[in-house]
Amino acid sequence: MKRLALSLLALSVSTALLAATPTTPTIDPHRLSDDVKTLSSDAFEGRGPATEGETKTVAYVIAQFKAAGVQPGGDLKNGKREWTQAVPLLQSDIAGTPQLSFTVNGKTENLTQGKEIAVRSALDGSKAVALKDAPLVFVGYGVKAPERNWDDFKGVDLKGKIAVVLINDPDFETGVGDFGGKAMTYYGRWTYKYEEAARQGAAGMLIIHETAPASYGWATVANSNTNTQFDVVRDHPSSVHTPLEAWIQRDVAVDLFKAAGLDFEALKKQAQTREFKPVVLKGETFSANYKIDSKVIVSHNIVGRIEGTKRPNETVIYSAHWDHLGIGAPDAKGDKIYNGAVDNGTGTAALIELARAFAKSPKPERSVVFLNVTAEEKGLLGSEYYASKPLYPLATTVADINMDALDPHGPARNFTISGSAKLDLLDELTATAKKWDLVYSPDPKPEAGHFFRSDHFPFAKRGVPAISFGSGNDWVDGGLAAGKAAEDEYVAKHYHQPSDEWQADWQFTGMARDLQILYTLGSDLANSDTWPNWSKDSEFRGARDATAAQRK
Ligand SMILES: [Zn+2]
């Protein structure tokens, strides 16, 4: 069976090469396998940022970039580029047990961290959070979207107050409206809601958890918010974080609304319209008191570059995160090393192999950057840091093509991207993939907001056309049944577990073929003078168009 798959692959690739892309260099599945094997070996300790594992990973990737023949593209030091970009990260923990309570009509109701409420440690630079009887204001979905003529705040004063907000965007429940129907726009994501709360000057925000619109249960919220929090070190952290950022359980919110003489479901219906106005929860306040332990750790993005011959200031970026979860709680077998072979040894190996392919080919007209970012697992922080302090201007960054957790098996007849989005870059990828007889399969669950959960997103948010490529599941050998079974097994048994380990029977032939497609997409962009953009109704179009004058 495997023989058959391989010969089919060879046939389709060679036909495509003859027809469309005679210069596509060879991508070697054995090298991909070797790189993944090394990066995910126990010696690399699960590649935790700012650990011994980081030191080994950074050294390995730099050695591969050097051997490939690409140039260092990182921080400038004494007029010379280094191989890395230093990424300072703020590490923040709540010291001890936080004191949290509502006061409802004069009566204090204490809240237990992780149970009724999940408060994340402050990332706005606070050393302590002390809120005494802060008023509560329900602000619907907390959306301010000028391009959609939508403003849930209507000028309300949130200074010293706590904004209470619904998760997802205003048309998630109805399925039709100005926010992509069921699919989640960025306005539906919790990160957006916290950022908007900071822009509105609130003292804090409570997001009401509901399983369907959040796309995950309370356990996920509690687990990921009550542990150590990280952010990039920002010049103005309070411009994107309020001191208090938290979720509350739906039942808690329903009771709170009821005690204020309000009906939760009726108010939610109102919040699904443009006419919605903020509602004060009368007679109710929120109090919080705890100290914050914080420090700065330094991790690194690894950056290789090939300078363009004609337009060196225009850049095509390939990205992938190198970090994984490091050493953690042991599994049933006592294994404590979270090797991260698929997540994201595969993407890092892909990035190295693309660097080799570009270095062997005639130099492109535009520059190509190979960006191996850190701290994805801590909240897309390496990519956020690069995008907030770009080494090459974002206005003249043509595109970011990201790779995360690729399939190490045989080839598929389809491909996907993380989440849903409308942009020329996806159209170009789809057209390129067609030359290899691959079809685009959209994300079957766009309401989960996967578009906002991978390293291309910090670029997208700032207007740079960006996508995260995903391997297909309709396998040449075994079809959808085999592809889906492998996906399901990975999610259930290996995803974010110590067993995400390199396997000797992984062929890497699917990845090798997909990388020819991604090479061609990036190479075509790097040898053209086109500027792909977002569709007219995209929430990222405005940010891109704002810098149009810098792209002549
Ligand atoms: Zn990943």
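Both counts, for ligands and for their atoms, begin at 1 and track the order of listing.
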Near-ring test [Y]/[X], centroid separation under 6.0 angstrom:
| X | Y | result |
| --- | --- | --- |
| F469 | F415 | yes |
| F172 | F179 | no |
| Y192 | F452 | no |
| H30 | F508 | no |

Just by distance, with hydrogens left out, do Q91 and T228 show a side-chain donor and acceptor under 3.5 Å apart? no
Could you list all the salt bridge (Lys or Arg N to Asp or Glu O under 4.0 Å) pairs where at least one residue sits in residues 226-237, not counting sequence neighbours? D231-R234, R234-E384, D235-K389
Have a look around the Zn ion (ligand 1) and list protein N/O/S atoms under 2.8 Å, or say none. H321 NE2, D343 OD1, D404 OD1, D404 OD2
